[in-house]
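Step one of this worksheet: look at the structure below.
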Amino acid sequence: MKTTILPAKEFDTGTRTASAEIMAQMQTILSDAKALGLNISAAVTQAKTAEAEQAEAAMQGLFKIASLLFIQWQRVLQDGDKHATLAHARVFNGITHNARLLNEKFDVVDSGHLDTMAEELASDVCFQNFDPACVAKIMDRAAEAHTHERAWLWTVLPTFEKQPYSRILLRKVQPAALSQPIFVTQPYFLEGRSTLFHTHGQNWAFSRPLGTCESGNTHLNTLWMPQCQEQAFPLDQIDNAEYCNKTVVVVPPKMIHGIARCRCCEENYPTLAELLEDADLQAEWIGRTRFGENGCMHIYCPDPSLVKELAQSPFVQEDEKFFIEYDMIVFDHLQNTIWSGGGGSWPLRMIKYGTTGTHCGICFEDDPRKENLDPCEVAKWFVQDPPPPLLRYEFTAE
């Protein structure tokens, strides 16, 4: 089967990886909005051509459109219209993509809190004698400051039918004490949809929802173990944590886990026509739709001792960049197979399964995923037995 390598933008915003039905829906979204007086293409052009003195106004224009599109995405998602949901996601992602480009040129949105976090993570204070609580506290401060006004342009919605979440890379940090980098990402999880269960091998995985508990942005993180070394499936659940922004949940290395976003109550979302016809209604819904805080912040941090230990594994012996190119080892409980692949934060991805919805959102940098891994080898190198518990940290405001 022919495999094509494309930039991440093509998976998040473009039409090249979209089915014909979704492409048609995207054009309908743009034409219908224009007929109602909202010219999305013109706003994107304005952002692309803006000079410094026009950047703030152009960013505000993108913000308004992103808010309106997000409300419509929620409406069609709730209605169960799959094609419309994926089409709205791609159009929405195109707006946030152009907002990030505009911000790169003119620094309109303050990201000093992310720079501070990166500097603190690079300082090595947590890694001379590794302490996950130290990393968790640094992350909690950054996530607290990562409000909707700062996080909205980093929101990326899933664009494939079988894709339960999406994510974007916020920062890559290389402490001198570590031989491999730390990745900070902003994922977005669909409600009621769990990831395939996976382990990050040598990496500690930190998770902290954005926003507030009252906003309904609650996640469920579960831990799993194989039946035995020779037979992984069905996996046994051994721990779980339901948590919101008051808690940083940490999954230790060599642990299998899955994440889901808990369901919220249904709402009566207005149509785009209703929002554009009523300025007060529009202002109310844009004010309450703090979609930048519907996501979360994740950190993947190598364990210094495990980096050396797992360098002896056959996986790293075969490919010394294994944990860069394949940042998760997946226990596919739907297909009863174990494979490894890259997540959604890398600059290049592969399309292997076409544009008709069979692509599942599992993406790769420059090599296809490794299929049918030996469960005994995986258990030996990537699963800690007996399993450690999930770690939970709650920090009081300083």
At what distance, to the nearest 0.5 angstrom, does [atom1] of [X] lie from [atom2] of [Y]?
X      : Y      : atom1 : atom2 : result
Ile95  : Arg90  : CD1   : CZ    : 15.0 Å
Ser41  : Ile65  : OG    : CD1   : 9.0 Å
His88  : Asp81  : NE2   : CG    : 9.0 Å
Gln163 : Thr159 : CD    : OG1   : 5.0 Å
Leu210 : His146 : CG    : NE2   : 6.0 Å
Leu69  : Leu38  : CG    : CG    : 7.5 Å

Can a donor-acceptor pair be found, under 3.5 Å and without considering hydrogens, that links the side chain of [X] to the backbone of [Y]?
X      : Y      : result
Ser215 : Gly211 : no
Asp124 : Ala176 : yes
Gln227 : Pro234 : yes
Asn39  : Lys34  : no
Gln231 : Phe233 : yes
Asp278 : Glu274 : no
Thr199 : Gly201 : yes
Thr13  : Lys9   : yes
Gln237 : Leu223 : no
Glu21  : Ala84  : no

Pairing donors with acceptors under 3.5 angstrom, does anything connect the side chains of [X] and [Y]?
X      : Y      : result
Trp204 : Asp303 : yes
Trp339 : Thr337 : no
Gln186 : His298 : no

Same hydrophobic cluster for [X] and [Y], using side-chain heavy-atom links shorter than 4.5 Å among ILVMFWY?
X      : Y      : answer
Ile71  : Leu281 : yes
Val248 : Leu220 : no
Ile286 : Phe92  : yes
Phe395 : Leu121 : yes
Phe197 : Val251 : yes

Measure across [X] and [Y] and return the closest heavy-atom pair with its distance rounded to 0.1 Å.
X      : Y      : result
Ala232 : Leu235 : O-CD2, 3.3 Å
Ala55  : Val108 : CB-CG2, 3.8 Å
Val307 : Pro302 : CG2-CB, 3.8 Å
Thr218 : Glu242 : CG2-CG, 3.4 Å

For this session: Name the orientation class of the two ring planes belonging to Trp152 and Phe63 (parallel below 30°, tilted from 30 to 60°, perpendicular beyond 60°).
Result: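 Ring orientation, 0 to 90° scale: perpendicular.
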Exercise. What's the verdict on side-chain contact (heavy atoms from CB on, under 4.5 Å) for Arg167 and Val156, showing C-alpha distance, side-chain angles and the deciding distance?
Worked result: CA-CA 6 Å; Arg167 68 179 186 182; Val156 177; over 6 Å; no
Does [atom1] in [X] sit with more than 12 non-hydrogen atoms of other residues, nucleotides or ligands closer than 6.0 Å?
X      : atom1 : result
Lys48  : NZ    : no
Glu320 : CD    : no
Glu309 : CD    : yes

For this session: State which residues pass side-chain hydrogen bond (donor to acceptor under 3.5 Å, both in side chains) with Asp79; sequence neighbours excluded, sorted by chain then number.
Result: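 In terms of side-chain hydrogen bond (donor to acceptor under 3.5 Å, both in side chains), with neighbours along the sequence ignored, Asp79 is linked to no residue.
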Exercise. Yes or no on side-chain contact (heavy atoms from CB on, under 4.5 Å) for Thr195 and Phe189, after CA distance, side-chain angles and deciding distance?
Worked result: CA-CA 9 Å; Thr195 62; Phe189 290 85; 3.6 Å; yes
Exercise. If you look only at pairs with a residue in residues 250-284, which of them pass as a ring-ring contact (aromatic ring centres under 6.0 Å, His included), with sequence neighbours excluded?
Worked result: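 For residues 250-284, and leaving out neighbouring residues, the ring-ring contact (aromatic ring centres under 6.0 Å, His included) pairs sorted by first residue read His198-His257, His200-His257, Tyr269-Trp285.
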Taking the side chain as everything from C-beta on, heavy atoms only, tell me whether [X] gets closer than 4.5 Å to [Y].
X      : Y      : result
Ile182 : Gln174 : no
Glu277 : Gln282 : no
Asn336 : Phe331 : no
Pro375 : Ile338 : yes
His97  : Ile168 : no
Trp224 : Asp236 : no
Pro181 : Val173 : no
Leu275 : Gln72  : yes

Problem set entry | Summary of disulfide bond (SG atoms under 2.5 Å apart) pairs that have at least one residue in residues 96-135, sequence neighbours excluded |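 Every pair satisfying disulfide bond (SG atoms under 2.5 Å apart) with a residue in residues 96-135: Cys126-Cys134.
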Exercise. Can you check side-chain contact (heavy atoms from CB on, under 4.5 Å) on Leu30 and Val91, steps first, answer last?
Worked result: CA-CA 8 Å; Leu30 295 175; Val91 178; 4.1 Å; yes
For this session: Just do the salt bridge (charged side-chain N to carboxylate O under 4.0 Å, His left out) check on Arg150 and Asp110 with the steps written out, would you?
Result: CA-CA 7 Å; Arg150 291 172 159 183; Asp110 177 24; 2.4 Å; yes
For this session: Could I get the full list of side-chain contact (heavy atoms from CB on, under 4.5 Å) partners for Pro304, not counting sequence neighbours?
Result: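 Partners of Pro304 under the side-chain contact (heavy atoms from CB on, under 4.5 Å) test: Phe130, Leu178.
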Exercise. When you check the gap from the basic side-chain N to the acidic O, do Arg141 and Glu144 get nearer than 4.0 Å?
Worked result: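 Not counted as a salt bridge, because no side-chain N and carboxylate O are separated by less than 4.0 Å.
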Exercise. Among Trp154, Trp73, Phe70, whose ring-ring contact (aromatic ring centres under 6.0 Å, His included) with Phe291 holds?
Worked result: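 Of Trp154, Trp73, Phe70, ring-ring contact (aromatic ring centres under 6.0 Å, His included) with Phe291 is met by Phe70 alone.
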For this session: For the pair Leu373 and Phe315, evaluate side-chain contact (heavy atoms from CB on, under 4.5 Å) and give the outcome as yes or no after the intermediate values.
Result: CA-CA 10 Å; Leu373 301 184; Phe315 308 99; 4.2 Å; yes
Output side-chain donor-acceptor pairs under 3.5 Å for residues 258-268, partner residues at least two apart or in another chain, one line each.
residue, atom, partner, partner atom, Å
Arg261, NE, Asn217, OD1, 3.3
Arg261, NH1, Tyr188, OH, 3.4
Glu267, OE1, Arg288, NH2, 2.6

For this session: Taking the six-membered ring of Phe206 (Phe, Tyr or Trp), confirm whether the NZ or CZ of Arg392 is under 6.0 Å from its centre and within 45° of its axis.
Result: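 No - Arg392 does not lie over the ring of Phe206 by the 6.0 Å and 45° rule.
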Show the atom names and distances, to 0.1 Å, of all donor-acceptor pairs under 3.5 Å that link a side chain in residues 376-387 to residues at least two apart or in another chain.
residue, atom, partner, partner atom, Å
Glu377, OE1, Trp381, NE1, 3.2

